[in-house]
Amino acid sequence: MTPSVRFDYLRRRLALFFLLSKTLGLMLLPTNFLIGIGLAGALLLATRWASLGRKLLVASIVVFAIFGFSPLGYLLLYPLEQRFPPWDAAQGAPDGIIVLGGSIDADVSAAHDTAVVAGAADRVIAAAALAHRYPDVRVLFTGGSASLLSNDAREADYAAALFESLGIAKSRLLMERRSRNTQENAEFSRAMAAPKDGECWLLVTSAFHMPRSVGLFRKAGFDVEPYPVDWRVGGSADLLKFTTVSLEGLDRVNAGIREWIGLVAYRVTGRIDELLPRPGPRHRHPSVAPPAGAC
């Protein structure tokens, strides 16, 4: 197989995986799946399968209530968020900071011609704080568009101005705007950063998203140091905590199931080497003193 044929083959595989992840993944989200079951049940009420329709409607309502008010979301997110401990600054100054996209709504930003932060703002805030603490390191933001309907709105295009408004000089910023998912975040970031042996790059993303992100960066040959932020679970006490706001509970369940589905899908297709990537030898426990000069 020639290099050009192999590249075309890999490009098609990546395109297919992206399409499936954005269609099947969306359909399998708990809220969407339950809405589909409820609609199916409502339609069946007008047919000879009305009894089945009633059962589907009741089941969708009951499961919605369980997802919305129970601790299920906490239970799904807790093991993901606890996988990597907070980064210990005593390990030394990093050589660079990588910030995963997901905070900026590119389409709304394009409509208003300014960066609109829609969620996971901790990623940008923490990265900016790190950049001020270590004024000589580079900051690489990786985020294009995850939309199936491609347009020219890219997260990275608005992230640059946002970081500059937070006091980070433009000369320190690297903006990666082509990636559509976490796998491409890892591959394109490695190509842009071109890390040298022994360099330490921090990876800033939501704590529950860190295991999959680390696995993909390792697979891409980029050994990063996890810097988890944006926790959704306060601690083990939350594992028995019921919520009074159903939308928050549903959001946690959606995030947890989406992340676990992603881990399984990436592991089955060989895109990560472990189902639940763990801290590597570089990521020491804070009680263990790092060697001189180590990150």
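Given the structure is predicted, the values throughout are model-derived calculations rather than measurements. Counting begins at 1 with the first residue of the sequence.
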Original post:
Taking it one step at a time, do L276 and W260 satisfy side chain to side chain contact (heavy atoms under 4.5 Å, CB included)?
Top reply: CA-CA 9 Å; L276 193 59; W260 282 106; 4.2 Å; yes
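- Side-chain atoms of R172 come within 3.5 Å of backbone atoms of V137 as a donor-acceptor pair (strictly under, hydrogens ignored).
- A donor-acceptor pair is defined here as one N or O able to donate and one able to accept, closer than 3.5 Å; such a pair exists between the side chain of R83 and the backbone of P277.
- Every pair passing salt bridge (charged side-chain N to carboxylate O under 4.0 Å, His left out) that includes a residue from residues 157-169 is listed here, sequence neighbours excluded: D157-R177.
- Contact of the Y266 side chain with the N181 side chain is registered, since non-hydrogen atoms from C-beta on lie closer than 4.5 Å.
- At least one side-chain heavy atom of H132 sits under 4.5 Å from a side-chain heavy atom of I168.
- Every side chain to side chain contact (heavy atoms under 4.5 Å, CB included) that L75 has, sequence neighbours left out, goes to L239.
- Distance CG/L247 to CZ/R252: 11.0 Å, rounded to 0.5 Å.
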**OP:** Start with the C-alpha gap between T142 and E176, add the side-chain angles, then the distance that decides, and say whether side-chain hydrogen bond (donor to acceptor under 3.5 Å, both in side chains) holds.
**Re:** CA-CA 5 Å; T142 171; E176 186 287 299; 2.5 Å; yes
Under 3.5 Å donor-acceptor pairs involving side-chain atoms of residues 50-57, not counting sequence neighbours:
none

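- Applying the side-chain hydrogen bond (donor to acceptor under 3.5 Å, both in side chains) rule to E259 yields the partners H209, R212; only residues at least two apart in sequence or on another chain are considered.
- Atoms CD1 and CG, on I66 and L72 in that order, are 9.0 Å from each other to the nearest 0.5 Å.
- Counting heavy atoms from C-beta outward, T205 and R123 have side chains that approach closer than 4.5 Å.
- Scored by the side chain to side chain contact (heavy atoms under 4.5 Å, CB included) test, P71 finds Y74, F242 as partners (sequence neighbours excluded).
- By the 6.0 Å contact criterion, CZ on F69 is enclosed, its count of non-hydrogen atoms from other residues, nucleotides or ligands being greater than 12.
- The backbone N or O of L29 lies less than 3.5 Å from no partner atom in the side chain of R258, so there is not a single donor-acceptor pair.
- Clustering of Ile, Leu, Val, Met, Phe, Trp and Tyr by side-chain heavy atoms under 4.5 Å joins I61 with none of the others.
- Sequence neighbours left out, the pairs with a member in residues 228-237 that pass side-chain hydrogen bond (donor to acceptor under 3.5 Å, both in side chains) are S206-D230, D230-R232.
- In this structure, the separation between CZ on F141 and CD on E155 is 4.5 Å, given to the nearest 0.5 Å.
- Rounding to the nearest 0.5 Å gives a distance of 12.0 Å between CZ of R138 and CG of L173.
- The hydrophobic cluster containing F188, built from Ile/Leu/Val/Met/Phe/Trp/Tyr side-chain heavy atoms closer than 4.5 Å, comprises no other residue.
- The backbone N or O of R154 lies less than 3.5 Å from no partner atom in the side chain of S145, so there is not a single donor-acceptor pair.
- Other cluster members for V116: V108, joined by side-chain heavy-atom distances under 4.5 Å among Ile, Leu, Val, Met, Phe, Trp and Tyr.
- Side-chain contact check for Y158 versus D105: every heavy-atom pair is 4.5 Å or farther apart.
- The CD1 atom of I98 sits 11.5 Å away from the CD atom of E225 when rounded to the nearest 0.5 Å.
- Remark: L216 CG to N185 CG distance equals 9.0 Å, nearest 0.5 Å.
- For R178, there are no salt bridge (Lys or Arg N to Asp or Glu O under 4.0 Å) partners, not counting sequence neighbours.
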Subject >> Derivation and outcome, side chain to side chain contact (heavy atoms under 4.5 Å, CB included), residues V268 and V264 >> reply: CA-CA 6 Å; V268 168; V264 171; 4.1 Å; yes
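- Scanning for side chain to side chain contact (heavy atoms under 4.5 Å, CB included) contacts around A193 gives L140, P195, W201, F222, with sequence neighbours left out.
- Residues that satisfy the side chain to side chain contact (heavy atoms under 4.5 Å, CB included) test with A89, not counting sequence neighbours, are W87, R133, Y134.
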